[in-house]
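Residue numbers run from 1 in the order of the sequence given.
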Amino acid sequence: MKIKSKEDIEAPIAEVFGAISDFELMERSALRRGVELQRTGDLSRPENGLAWDLNFSFRGKPREIRLTLASYTPETGLALTGSGSGIDGRMEIELLALSPQRTRMAVQLELSPTNLTGRLLVQSLKLARSKLTSRFKLRLAEFAKFTEERLKRTA
């Protein structure tokens, strides 16, 4: 199952990359949403095996996922891979400078089941694809707006 979206952000590409690679902010956001996490690796050198063990509840069941930073290319994007609870996934975030003050962020999420439990979960997600896609796009738009506002506050 693949979900794709893109969003244009009124910010330089370096600022947008700084926002998507602000892992401490992402960790705090996950904690506020009830996700338990444990980081392994060094935030100051994320390209050297940064990973998280996540525990959360989804659809009434506890889920455990190991999330790993698969690629880290400053100013062009990053990729995360995850596995656990019967599902393997990959999220790729690519950045493209449209102008000195405008950046396009393209995000692609791909989920694939590894066992019967994962197959049932992915199938239920496919049935709710339109709602899931709209929520995904809304979250991406919120992130873009937050990034633009954060840049205005610091400028």
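T103 contributes a side-chain N or O that, together with a main-chain N or O of A11, makes up a donor-acceptor pair within less than 3.5 Å. At least one donor-acceptor pair under 3.5 Å links the side chain of S85 to the backbone N or O of E64.
Every residue two or more places apart in sequence or in another chain that forms a side chain to side chain contact (heavy atoms under 4.5 Å, CB included) with K2 is listed here: Q108, E110. Every residue meeting the side-chain hydrogen bond (donor to acceptor under 3.5 Å, both in side chains) condition with R59, not counting sequence neighbours, appears here in chain and number order: S124. Applying the side chain to side chain contact (heavy atoms under 4.5 Å, CB included) test to T76 and every residue at least two apart in sequence or in another chain returns T73. Legend: residues meeting side-chain hydrogen bond (donor to acceptor under 3.5 Å, both in side chains) with R63, ordered by chain and number and at least two apart, are absent. Take Y72 and apply the ring pair (Phe, Tyr, Trp, His ring centres under 6.0 Å) test, not counting sequence neighbours, and it matches F17. Considering only residues two or more places apart in sequence or on other chains, R135 meets the salt bridge (charged side-chain N to carboxylate O under 4.0 Å, His left out) condition with none of them. Scored by the side-chain hydrogen bond (donor to acceptor under 3.5 Å, both in side chains) test, R33 finds S29 as partners (sequence neighbours excluded). Annotation: salt bridge (charged side-chain N to carboxylate O under 4.0 Å, His left out) contacts of R119 (sequence neighbours excluded): none. For R66, the side chain to side chain contact (heavy atoms under 4.5 Å, CB included) partners at least two apart in sequence or on another chain are T40, A51, D53, T68. When the side chain to side chain contact (heavy atoms under 4.5 Å, CB included) test is applied to A70, the partners found at least two apart in sequence or on another chain are A79, T81, R90. Under the ring pair (Phe, Tyr, Trp, His ring centres under 6.0 Å) criterion, F23 pairs with W52, not counting sequence neighbours.
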Trace of the salt bridge (charged side-chain N to carboxylate O under 4.0 Å, His left out) decision for E142 with K145: CA-CA 5 Å; E142 288 173 356; K145 184 178 177 187; over 6 Å; no
Let's go through L78 and S21 carefully: what are the C-alpha distance in whole Å and the side-chain angles of both, what is the deciding distance for side chain to side chain contact (heavy atoms under 4.5 Å, CB included) to 0.1 Å, and is it a yes or a no? CA-CA 8 Å; L78 54 88; S21 62; 4.3 Å; yes
Report the C-alpha separation of V107 and K4 in whole Å, then their side-chain angles, then the decisive distance to 0.1 Å, and conclude whether the side chain to side chain contact (heavy atoms under 4.5 Å, CB included) test is met. CA-CA 6 Å; V107 181; K4 297 179 186 180; over 6 Å; no
Audit row: R150, D22, salt bridge (charged side-chain N to carboxylate O under 4.0 Å, His left out) steps and yes/no: CA-CA 12 Å; R150 189 169 93 169; D22 188 351; 3.3 Å; yes
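Contact detail for A144 and E7: the closest heavy-atom pair is CB-CG, 3.5 Å. Across L54 and L37, no two heavy atoms sit closer than the pair CD2-CB, 3.5 Å.
A 4.5 Å side-chain heavy-atom check between L121 and L111 finds every atom pair outside the cut-off. You'll find the side chain of E94 stays beyond 4.5 Å of the side chain of M105, heavy atoms only.
Both L109 and I65 sit in one connected hydrophobic cluster of ILVMFWY residues. Membership requires side-chain heavy atoms under 4.5 Å apart, directly or through other members.
The hydrophobic side chain of L138 is isolated, with no ILVMFWY side chain under 4.5 Å apart from it.
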